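It should be emphasised that the depicted structure is a prediction, and the values quoted were computed from it without experimental measurement.
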Amino acid sequence: MAARSSMRDDDLPEISGEYLSGIGRKLTVLTADLVAYSELMHRDVSTGIAVLRKTRSILSNCIRRKSGQVLQTPGDFVLSTFENFGEALEAAAWAQERLLEHHKKSQIPNAGHWKIGIAHGEIYAIGDDLFGNAINVAARLQALAAPGEIYFTDGFENLAVPANLIVEDLGTKKLKNIDRPIPVHRAILADYDAFIRQSETKHSTSPKLLKRLRKPVLRLESFSNINRTRKGALFGEALVEEVRLILSRLGNTVTVTDPAGQVPVPHDYVLSGAVQGRGPFLRIIARLVSSADGTTVWTDRFECDLNHSFDVQDQISQEIVSALQLHLTDGEQVRLWRRGAKSGKAWELFQMARDMERRFTRQGHEKAKELYREALKLDPGYLSASVALAFCYLDEVRLGWSRNSETSISEAESLCQAVNRIAPDHPDACGLQGFLHYFQDRWPEAEDAMQKAVDLVPYSPEMVGYQGALRDLMGKHDAAITSYTRALSLSAHAPAWIASNLGLSCLAVGDVEEAERIYREVLQHHPGYVRAWIGLSVALNRQGRQRDGAEAAATVLLLDPAFTAAEWARSGPFRDKALSDQFVADLRAVGIP
């Protein structure tokens with residue numbers, strides 16, 4: 001692993017490339033990471049920066065005063081070295097003690113916790129680049145730690161451990177990209193451990209993020225005919241109608257208004273354009289403008305030769321719709337869906353299937369599978385369609401809809417094998433592999449595969465949301481909440497399933513009022529979303545509002561008459577049996593059979 005230099009705090013010494021001389025030196029590496037920094041920045045940038053700078057300064061000063069060298073501080077990460085292991089452990093313990101004192105006085109005691117990893121080994125320097133297995137190991141250990149914890153390896157039996165530390169031997173662990181198992185120890189201050197438990201606060205999702213659940217309303221205007229040619233006019237009219245046709249099939253994703261309608265409808269965006277032609281050559285300019293402030297969200301130019309491009313109208317309309325999805329709803333994921341399609345018709349079928357699947361109804365689910373299969377008949381190598389169909393099979397197991405779970409998982413496995421033959425490192429393929437590993441009880445591989453998918457498309461709300469769903473299935477609900485919150489932030493108009501899953505995670509950790517707030521926001525914009533009604537009925541019952549919960553449950557049964565509490569239990573949404581049993585009891589208390 002190579003660590004790069006970055007901007008440092010003003011009080012940190014400059015580190016030259018000559019700090020480590022020779023071929024290599026045995027040193028102890030201490031790495032530290034600020035917990036939930038990204039989430040804090042999403043909520044309040046100024047507070048996030050202030051928390052980072054203050055707590056990082058405390059940590060850095062403790063490292064230096066124990067003879068450590070702070071080499072790099074890229075954002076919420078600190079890399080440092082010590083001549084011996086004992087000094088590093090003393091510095092870590094002292095830093096956590098000082099940080100604890102700071103948190104007890106802070107107005108936001110639940111923010112600014114650091115987790116630390118320590119390892120010993122040879123470090124190499126080439127210019128400002130640092131290399132060495134100890135850096136890898138320390139970073140992996142730090143990633144395993146929880147707030148306030150110190151994870152370390154090497155030489156524990158020969159150390160005088162600081163008296164204020166509680167140390168636990170965790171045995172050997174296989175760390176990601178580390179060849180051999182590593183002996184790992186966990187340490188934390190007793191007072192810090194108690195403070196973390198006492199100061200845990202309820203999650204609070206930013207109202208701005210929840211407002212993103214609103215479907216975008218688009219006004220689609222005629223494209224102007226600059227040269228006033230008949231060919232340009234006909235092409236422009238046909239192009240607008242083709243775009244309207246595609247968007248009309250995505251009613252769960254976007255709402256399109258008719259500018260010719262007699263009743264004006266408020267809209268968020270306007271899609272317009274112009275057509276300019278000379279002979280058989282046409283230039284089309286399309287633009288998307290925000291109605292709120294008139295700013296241009298997106299614009300692009302397309303050129304075509306009508307003598308040689310029979311299906312150019314379809315191609316351009318699909319490019320325009322993809323651009324709308326990229327900037328308004330699905331973000332970076334759209335590039336993958338568009339890039340992998342060789343058939344325009346298959347791409348359209350895929351889009352229709354996604355829209356049906358996101359309704360999370362039995363009928364919608366079956367229709368989505370049918371449409372995905374049709375897309376694959378037209379384009380057998382369409383990777384995203386194969387992945388989406390495989391997820392349908394896994395979802396019907398997860399939602400309790402499958403008639404035979406083993407058969408459904410087997411179908412998903414077959415599709416995954418086909419996908420891996422095409423492109424095993426494709427983000428969609430990695431995400432699918434992650435969920436299959438989960439169903440095969442191979443959790444470490446599941447987490448690694450999903451993390452790889454997110455690393456490949458870090459700005460995809462869908463992939464980051466999938467990571468949250470996987471974490472939820474594994475019982476890592478706090479981590480899932482972080483993923484869902486980030487996924488919401490990546491889309492101007494987020495899908496309902498991400499927020500609905502976030503509500504379920506909040507129920508799992510006991511944030512019942514927050515869950516209700518999330519579900520009500522979902523239902524304000526997606527009143528037919530049955531999973532939000534299910535969660536709302538439970539949240540209301542847990543607050544002693546059984547009558548309100550029963551009304552929500554009645555809506556559940558109106559939307560999905562076949563839904564039962566037993567079906568929910570079969571779907572296994574919680575690994576913790578106590579959580580699952582409690583949810584089923586809540587459902588039955590409000591009238592779900």
Side-chain angles (χ1 to χ4, degrees), residues 1 3 9 12 27-38 40 51-103 110-121 123 130 132-156 159-170 173 175-176 178 182-193 195-196 479:
M1 176 178 181
D9 288 346
L12 298 182
L27 292 170
T28 298
V29 175
L30 183 154
T31 65
D33 184 73
L34 180 59
V35 178
Y37 175 61
S38 297
L40 182 60
V51 167
L52 170 65
R53 289 182 63 83
K54 178 61 180 178
T55 57
R56 187 173 62 185
S57 175
I58 293 172
L59 176 67
S60 300
N61 287 334
C62 289
I63 290 171
R64 291 197 300 273
R65 292 183 183 183
K66 289 294 182 180
S67 303
Q69 297 286 334
V70 178
L71 303 183
Q72 298 171 11
T73 59
D76 59 333
F77 182 82
V78 169
L79 172 65
S80 60
T81 59
F82 294 79
E83 292 294 331
N84 65 70
F85 204 89
E87 289 177 346
L89 189 58
E90 287 181 11
W94 190 31
Q96 295 291 28
E97 189 172 12
R98 290 281 314 282
L99 286 167
L100 176 59
E101 293 172 0
H102 164 75
H103 295 319
N110 59 319
H113 300 290
W114 288 76
K115 50 185 184 176
I116 295 174
I118 304 174
H120 188 75
I123 303 298
L130 305 178
N133 196 52
I135 298 175
N136 289 341
V137 174
R140 296 287 182 256
L141 292 174
Q142 165 264 116
L144 291 177
E149 290 184 343
I150 305 162
Y151 271 44
F152 62 93
T153 186
D154 296 314
F156 167 72
L159 288 177
V161 178
N164 56 349
L165 280 183
I166 300 173
V167 178
E168 178 184 3
D169 185 349
L170 300 180
K173 290 188 175 292
L175 305 180
K176 181 179 178 182
I178 306 299
I182 300 291
V184 177
H185 303 275
R186 168 190 177 271
I188 191 168
L189 302 171
D191 288 349
Y192 210 139
D193 198 25
F195 178 78
I196 288 288

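In this structure, Cys62 and Ala95 approach most closely via the heavy-atom pair SG-CA, 3.6 Å. The two residues Val51 and Gly112 have their closest heavy-atom pair at CG1-CA, 3.5 Å. The shortest non-hydrogen separation linking Pro147 to His113 is CB-CB, 3.7 Å. Of all non-hydrogen atoms in Ile150 and Ala93, the two that sit nearest each other are CD1-N, 3.8 Å. For Ala138 against Ala119, the heavy-atom pair with the smallest separation is N-CB, 3.8 Å. Considering every non-hydrogen atom in both Ser80 and Ile63, the closest pair reads OG-CD1, 3.6 Å.
Summarising the geometry, atom CG belonging to Leu144 is positioned 9.5 Å from atom CD belonging to Glu149; distances are rounded to the nearest 0.5 Å. Within the model, atoms OH of Tyr151 and OG1 of Thr31 stand 13.5 Å from one another, a figure rounded to the nearest 0.5 Å. In this structure, the separation between NE2 on His185 and CG on Asp169 is 5.0 Å, given to the nearest 0.5 Å. With rounding to the nearest 0.5 angstrom, the CG atom of Leu141 is 10.5 Å from the CG atom of Leu30. Atom CD of Glu101 and atom CG of Asp191 lie 10.0 Å apart (nearest 0.5 Å). Residue Thr55 holds its OG1 atom at 5.0 Å from CG of Leu34, rounded to the nearest 0.5 Å.
Relative orientation of the His103 and Tyr192 rings is perpendicular, given thresholds of 30° and 60° on the angle between their planes.
Counting only heavy atoms from C-beta outward, the side chains of Ile58 and Trp114 never approach each other to under 4.5 Å. Between Arg64 and Ser60, some side-chain heavy-atom pair lies under the 4.5 Å cut-off. Side chains of Asp33 and Lys115 form a contact here, defined as non-hydrogen atoms less than 4.5 Å apart.
Glu168 contributes no side-chain N or O that, together with a main-chain N or O of Ile188, makes up a donor-acceptor pair within less than 3.5 Å.
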With side chain to side chain contact (heavy atoms under 4.5 Å, CB included) as the test, would you mind laying out the steps for Asp193 and Ile166 before giving the verdict?
CA-CA 9 Å; Asp193 198 25; Ile166 300 173; 5.5 Å; no
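Partners of Lys66 under the salt bridge (charged side-chain N to carboxylate O under 4.0 Å, His left out) rule, at least two apart in sequence or in another chain, are Glu90. For Glu87, the salt bridge (charged side-chain N to carboxylate O under 4.0 Å, His left out) criterion is met by no residue, not counting sequence neighbours.
Screening Ile118, Leu27, Leu89, Thr28 for a side-chain contact (heavy atoms from CB on, under 4.5 Å) with Phe82, the sole residue that qualifies is Thr28.
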